[in-house]
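Whatever order the structure lists ligands and atoms in, that order sets their numbers, starting from 1.
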Amino acid sequence: MLAFAIFAVTFVVALIAAVVYFNPSGSSKRRSTVPGMDPTDPNEGNFPDMGAAGSLHEFLMKLHKTYGSIASFWFGKTFTVSIASPELFKEHIGLFDRPPELFALFEPLIGQKSIQYANKADGRKRRNMYDPSFAHTSIGNHYGTFNELAGELVQKLLTIPKDEHVSLMQHCHALVITALTRTSFGDFFKSEELINKFRQAYNNCWYDMERSLFQGLPVKGSDREKKFNKALGFLHDTVRNTLKECRANPTVGHQSFIDVLLENELPEDQILSDCVSYMVGGFHTSGNLFLWILYYLASNHDCQEKLHQEIKEVLGDGEVDNSNVKDMKYLRQVINEGLRVSVLAPYAARFQDNDSKLGGHVIPGGTPVMHALGVVLLDEELWPEPEKFDPERFSLANFTPRHKMGFQSFGFAGKRVCPGKYLSYAETSVFVAVLCRDLKFNLVEGQVVEKFHGLVTSPKSEIWFTLEKRG
Ligand code: HEM
């Protein structure tokens, strides 16, 4: 509880610092007819209300409950609109540009040159350049790696005695980090020692960034800042060395992310920023998805048995590949329901330069519009008993076009939806299928598992499992 009381206060401080940094003069106070909240404080806007709610996602849940599917609030001094319905999402489907001020907290880690802040022609050019290395066809080349990594984890888990309590978070994160670095950086990133060091440095940076939510940015020259800079320096050095090796030994055939960065002779600061941005985009999202799915399966043994049956029928003792993955329809339903109920990445955002119309209201040019993806994923009208894990929601018979527009965990607008979508589905399918074929997951009784909607939704504390070897 204490941690959350601290969070409530410091979340506000960190957001204010970030907004002032990106927008020192504050922005105009133009309003529109969109219903919503007045600022609680002339400078802080509704930050105190976000702190009281516990997170931006929980604040948006309350906001939309009170004002409906289009509602406004004040992000500091910035008038901001939020939308939360499949119909309103459709109205924003073509937009590309993202308001940088809402994502300012990531800046120390991903850098000013990050794709996260690249709009208009620059943003579109980068996406056109990078997307092919994460497209469906490219990801097809990585199934072998995913199977190999999942098999190694199974071997490790099989050595754990049946009644031992085991936390799977570290295992899930390690697997995903290894998969993403190998997929993105190719053969030059194979050493386990290097991957472990990279993971450690990445974790130091990530936890410092989450700490900024609690305690604000590190003081200049402090030990904390030095530790952060050292870890970030290691990530950058590793990328630089990988680039050097790639330059000396160009790959033929399949092009990974790093090959694309090299081939286009991009400035080094952009390469470093974008490499870290893709790692940040992919590590905790996919790692937590994997963990949440194991948790929901362990809490719902009927679903776990149905899934195990399907996996045995489709795979036997073989590997998951690009073609048989399509036959595991229930697995896909389980992944989709895991994405929905965990509310992994609760929002995206867009803006337009000129005045526009949305839900019948005029939206002044430059106004950030949040896509409250998480609010719609928990909308009772769309998903009855929204907190319940029920993969049947995604069966062919139950999943309508309206559900499809409401189920947008990877964003939906413009050519800027999450570039890691295919990679996440492919690796999660392999990891869950291989683990659930060989192991049965049980939850240690008496635990209360709660969500923490930080930068990505994580469990508030470790989740404890016991494991049984399948016959
Ligand atoms: C289950 C896993 C994931 C979820 C739920 C998720 C969700 C999201 C969401 C909601 C966005 C914002 C989209 C928008 O603005 O419309 C996004 C952007 C992004 N994601 Fe993911 N993501 C996941 C995995 C990944 C992976 C594996 C990668 C790495 C390849 C990645 C890299 C990125 C990047 C770089 C962006 C920013 C793209 C841009 O600015 O154009 N994500 N993600």
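Of all the heavy atoms of Met279, none lies under 4.0 Å from any atom of ligand 1, so neither backbone nor side chain is involved. At a 4.0 Å heavy-atom cut-off, ligand 1 touches Arg350 through the side chain alone.
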Side-chain donor-acceptor pairs of residues 278-289 under 3.5 Å, sequence neighbours excluded:
{"unit_1": "His284", "atom_1": "ND1", "unit_2": "Tyr202", "atom_2": "OH", "d": "3.3"}
{"unit_1": "His284", "atom_1": "NE2", "unit_2": "Trp206", "atom_2": "NE1", "d": "3.4"}
{"unit_1": "Thr285", "atom_1": "OG1", "unit_2": "Gly281", "atom_2": "O", "d": "2.6"}
{"unit_1": "Thr285", "atom_1": "OG1", "unit_2": "Gly282", "atom_2": "O", "d": "3.4"}
{"unit_1": "Ser286", "atom_1": "OG", "unit_2": "Gly282", "atom_2": "O", "d": "3.3"}
{"unit_1": "Ser286", "atom_1": "OG", "unit_2": "Ser424", "atom_2": "OG", "d": "3.4"}
{"unit_1": "Ser286", "atom_1": "OG", "unit_2": "Glu427", "atom_2": "OE2", "d": "3.1"}
{"unit_1": "Asn288", "atom_1": "OD1", "unit_2": "His173", "atom_2": "NE2", "d": "2.7"}
{"unit_1": "Asn288", "atom_1": "ND2", "unit_2": "Thr457", "atom_2": "O", "d": "3.2"}
{"unit_1": "Asn288", "atom_1": "ND2", "unit_2": "Ser458", "atom_2": "OG", "d": "3.1"}

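Proximity to Ser409 (heavy-atom distance under 4.0 Å) selects the following atoms of ligand 1: 5 (C), 7 (C), 10 (C). Close contacts between ligand 1 and Ala348 involve ligand atoms 14 (C), 15 (O), 16 (O) [criterion: under 4.0 Å to a heavy atom]. Ligand-side atoms of ligand 1 in range of Leu289: 1 (C), range being under 4.0 angstrom from any heavy atom.
Contact annotation: Leu373 has at least one heavy atom less than 4.0 Å from an atom of ligand 1.
A ring-centre distance under 6.0 Å is found for Trp383 and Phe394. His371 and Phe412 have their aromatic ring centers within a separation under 6.0 angstrom. Between Phe47 and Phe75, the gap from one ring centroid to the other is short of 6.0 Å. In this structure, Phe134 has its ring center closer than 6.0 angstrom to the ring center of Phe257.
Side-chain atoms of Ser32 come within 3.5 Å of backbone N or O of Val34 as a donor-acceptor pair. Of the possible donor and acceptor atoms, one in the side chain of Gln304 sits under 3.5 Å from a partner among the backbone N and O of Leu297.
Counting only distances under 2.8 Å, and ignoring water, the protein N, O or S atoms around atom 21 (Fe) of ligand 1 are Cys418 SG.
The shortest N or O to N or O distance between Tyr347 and ligand 1 is not below 3.5 Å.
Of the listed residues (Phe351, Trp74, Phe73), just one forms a ring-ring contact (aromatic ring centres under 6.0 Å, His included) with Phe79, and that residue is Trp74.
Looking only at protein heavy atoms, the nearest one to atom 1 (C) of ligand 1 is Leu344 CD2, 3.5 Å. Looking at atom 29 (C) of ligand 1, its nearest protein heavy atom turns out to be Tyr278 O, 3.4 Å. At the shortest separation from atom 38 (C) of ligand 1 among protein heavy atoms lies Arg127 NH1, 3.6 Å.
The closest non-hydrogen atom to atom 39 (C) of ligand 1, taken over Lys415, Gln116, Gln408, Arg416, comes from Arg416. The heavy atom nearest to atom 37 (C) of ligand 1, out of those in Arg126, Glu427, Arg98, His92, is found in Arg98.
Residues meeting the salt bridge (Lys or Arg N to Asp or Glu O under 4.0 Å) test with Glu263, sequence neighbours left out: none. With sequence neighbours excluded, the residues that form a salt bridge (Lys or Arg N to Asp or Glu O under 4.0 Å) with Arg127 are Asp131.
Looking only at atom types and distance, the side chain of Ser55 has a donor-acceptor partner in the side chain of Glu58 under 3.5 Å away. The closest side-chain donor-acceptor pair between Asn119 and Arg350, if any, does not fall under 3.5 angstrom.
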